[in-house]
Amino acid sequence: MDKLINNKEELFSIKIKGFDLEAYNNASRHWDGIAKPLDGLGAFEDIIKKIAGITGNASVVIDKKAIVVMCADNGIIEEGVSQSGHEVTSVVSVNIAKGLASICRMARIAGADVFPVDIGIKDNINAEGLLNRKVSNGTANFAKEPAITHVQLLQAIQEGINITRDLKEKGYKIIATGEMGIGNTTTSSALASILLGLPAEKVVGRGAGLSDKGLGKKIAVIKNAIKKYGLDSKEEVQTGGNIKESKEGIQAGQEKTFKALCCVGGLDIAGLTGVFIGGALYHIPVVIDGVISAAAALAADRLVPGCRLYMAASHKGKESACKFILDELGLEPVIDARLALGEGTGAVLLFPMLDMVLEVYRENTTFEDINVLQYKRYTDI
């Protein structure tokens with residue numbers, strides 16, 4: 001898909017296709033033939049099988065890895081929902097571009113390349129290595145007005161799709177998602193509450209560190225905004241892989257998700273939503289990091305049903321909303337370590353783990369090699 005998305009109807013009309021069940025099944029059979037207990041590497045085996053289905057090749061290769069870090073500011077911090085000001089977004093984004101941030105140091109060990117993107121930083125920054133895809137200088141304060149316009153949302157999603165396409169063309173085989181933006185646990189929690197139909201109290205966390213008073217303020221701001229924009233209705237909007245769901249239900253989910261992103265979302269989330277959609281369009285696996293990229297992943301699957309087939313979850317995340325979102329997407333995180341750093345640091349941790357698992361997948365002896373009967377699968381246990 002190389003044409004621009006001019007309106008939400010064009011976005012909603014995108015169809016995801018091409019997940020290769022034959023390659024997936026071939027990878028599954030290969031795992032079963034390796035001289036080890038069936039499913040001995042658990043969820044890691046599932047991820048490798050999924051990558052085979054995504055790429056259409058059971059000979060899985062992820063030697064060239066990328067991390068896309070969407071950087072943006074959120075006007076909602078005016079309401080006192082964060083300890084830090086917008087200037088922190090600028091400082092950390094520049095550090096990522098210079099290779100000095102946590103994600104950069106971890107990526108070097110993992111053999112991955114980091115691509116920081118200015119999708120909506122409030123300050124105008126000219127830093128080598130920082131991709132300029134700025135949609136606007138931050139978002140509006142959603143306590144007072146919608147965070148972004150329809151046009152801005154579509155532009156941010158388009159930028160994310162384009163970045164994924166460009167990375168695929170450059171030979172990257174897997175993408176991890178990250179973000180940098182003060183206030184984005186507020187935007188992601190608001191989206192989680194709306195899209196999951198859960199009360200704010202259940203999905204809102206302390207972010208980078210809030211007092212009890214600050215947490216109460218954050219919850220109140222989100223609840224008031226959800227009511228202000230009429231996004232507190234309880235209608236069913238899940239689109240997930242349920243083939244029995246009506247066309248009207250899917251369309252209602254698309255409309256609600258689009259409205260929620262405009263009203264309470266952030267440009268980092270919107271850009272990452274595009275990255276996830278791009279992963280499904282261009283058949284490249286995309287790894288979810290924490291709650292912010294998880295919110296984007298859910299938004300992508302609601303806007304363009306089927307995107308979840310092209311995602312992998314890295315870690316459970318410290319924010320309570322993360323688990324609820326991953327459960328809704330049917331994705332199992334393989335790391336449970338109370339991670340909350342952001343920048344894609346949890347997602348990049350998955351890369352060396354997958355490299356180790358692939359060494360077993362590609363190089364281990366098979367039952368046939370050692371002339372031993374293969375384990376059988378039984379459906380009644």
Side-chain angles (χ1 to χ4, degrees), residues 5 7-8 11 70-82 84-90 93 117-123 133-160 179-196 200 203-204 207-208 217-233 254-277 291-300 302-303 319 321 325 342:
I5 302 171
N7 51 59
K8 65 180 181 180
L11 174 63
M70 290 288 181
C71 307
D73 279 301
N74 300 283
I76 193 62
I77 66 171
E78 295 174 4
E79 301 300 312
V81 296
S82 174
S84 305
H86 80 272
E87 63 279 355
V88 175
T89 304
S90 300
S93 298
V117 182
D118 177 359
I119 194 80
I121 300 174
K122 185 172 183 177
D123 298 328
R133 302 290 188 272
K134 191 188 291 287
V135 173
S136 71
N137 294 83
T139 63
N141 178 352
F142 71 66
K144 299 176 179 177
E145 60 183 301
I148 51 179
T149 66
H150 287 200
V151 172
Q152 289 171 331
L153 174 57
L154 290 169
Q155 183 183 344
I157 290 173
Q158 183 74 64
E159 294 292 354
E179 38 60 42
M180 178 59 223
I182 300 303
N184 59 14
T185 60
T186 301
T187 54
S188 55
S189 297
L191 284 169
S193 179
I194 294 163
L195 300 185
L196 297 174
V203 296
V204 178
K217 173 71 171 178
K218 186 175 178 179
I219 291 170
V221 165
I222 290 173
K223 290 177 71 173
N224 289 339
I226 291 173
K227 184 175 181 180
K228 174 183 176 70
Y229 299 115
L231 289 164
D232 52 350
S233 58
Q254 290 174 314
E255 291 286 355
K256 185 169 187 176
T257 302
F258 192 90
K259 181 178 179 181
L261 284 167
C262 287
C263 291
V264 304
L267 287 168
D268 50 354
I269 294 174
L272 289 176
T273 297
V275 171
F276 285 110
I277 294 172
V291 68
I292 293 96
S293 69
L298 180 58
R302 291 283 176 85
L303 291 171
E319 294 281 311
I325 294 172

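For I77 against S84, the heavy-atom pair with the smallest separation is CD1-O, 4.4 Å. Among all heavy-atom pairs drawn from C263 and F142, the shortest one is O-CB, 3.0 Å. Closest non-hydrogen pair, I219 versus A200, comes out as CG2-CB, 4.1 Å. Of all heavy-atom pairs spanning A300 and F276, the tightest one is CB-CB, 3.7 Å. Scanning all heavy atoms of the two residues, the minimum distance from K228 to E145 falls at CE-N, 4.4 Å. Scanning all heavy atoms of the two residues, the minimum distance from I325 to A192 falls at CD1-CB, 4.0 Å.
You'll find the side chain of M70 stays beyond 4.5 Å of the side chain of L267, heavy atoms only. In this structure the side chain of L154 reaches within 4.5 angstrom of the side chain of F258, judged on heavy atoms. Put simply, the side chain of L196 reaches to within 4.5 Å of the side chain of L298, judged on heavy atoms. Taking 4.5 Å as the limit, some side-chain heavy atom of K8 sits within range of a side-chain heavy atom of E255. Side chains of C262 and H150 form a contact here, defined as non-hydrogen atoms less than 4.5 Å apart. Two residues are said to be in side-chain contact when any heavy atoms from C-beta on lie closer than 4.5 Å; E87 and I182 fail this criterion.
Formation of a donor-acceptor pair under 3.5 Å by the E79 side chain with backbone atoms of I76 is not found in this model. A donor-acceptor pair under 3.5 Å links the side-chain atoms of Q158 to the main chain of I5, judged by distance alone. Between the N74 side chain and the T139 main chain, no donor and acceptor come within less than 3.5 Å of each other. Judged by distance alone, with hydrogens and angles left aside, the side-chain atoms of S193 form no donor-acceptor pair with the main-chain N or O of S189 at under 3.5 Å. Distance alone, capped at 3.5 Å, is enough to place a donor-acceptor pair between the K259 side chain and the Y229 backbone.
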**Item:** Pair T185-K218, side-chain contact (heavy atoms from CB on, under 4.5 Å): steps then yes or no
**Value:** CA-CA 10 Å; T185 60; K218 186 175 178 179; 2.8 Å; yes
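Under the 4.0 Å criterion applied to side-chain N and carboxylate O atoms, K134 and D118 are assigned as salt-bridge partners.
Distance check: L303 CG to L153 CG gives 7.5 Å after rounding to the nearest 0.5 Å. Separation of atoms CG (N137) and NZ (K122) is listed at 9.0 Å; rounding is to 0.5 Å. Between M180 atom CE and I121 atom CD1 the span is 9.0 Å, to the nearest 0.5 Å. Going from atom CD of E179 over to atom CD1 of I119 covers 13.5 Å, rounded to the nearest 0.5 Å.
Each of T187, V204, V264 was compared with I222 under the side-chain contact (heavy atoms from CB on, under 4.5 Å) criterion, and only V204 meets it.
Applying the side chain to side chain donor-acceptor pair (under 3.5 Å) test to pairs two or more places apart or on separate chains, those with a residue in residues 261-270 are N184-D268.
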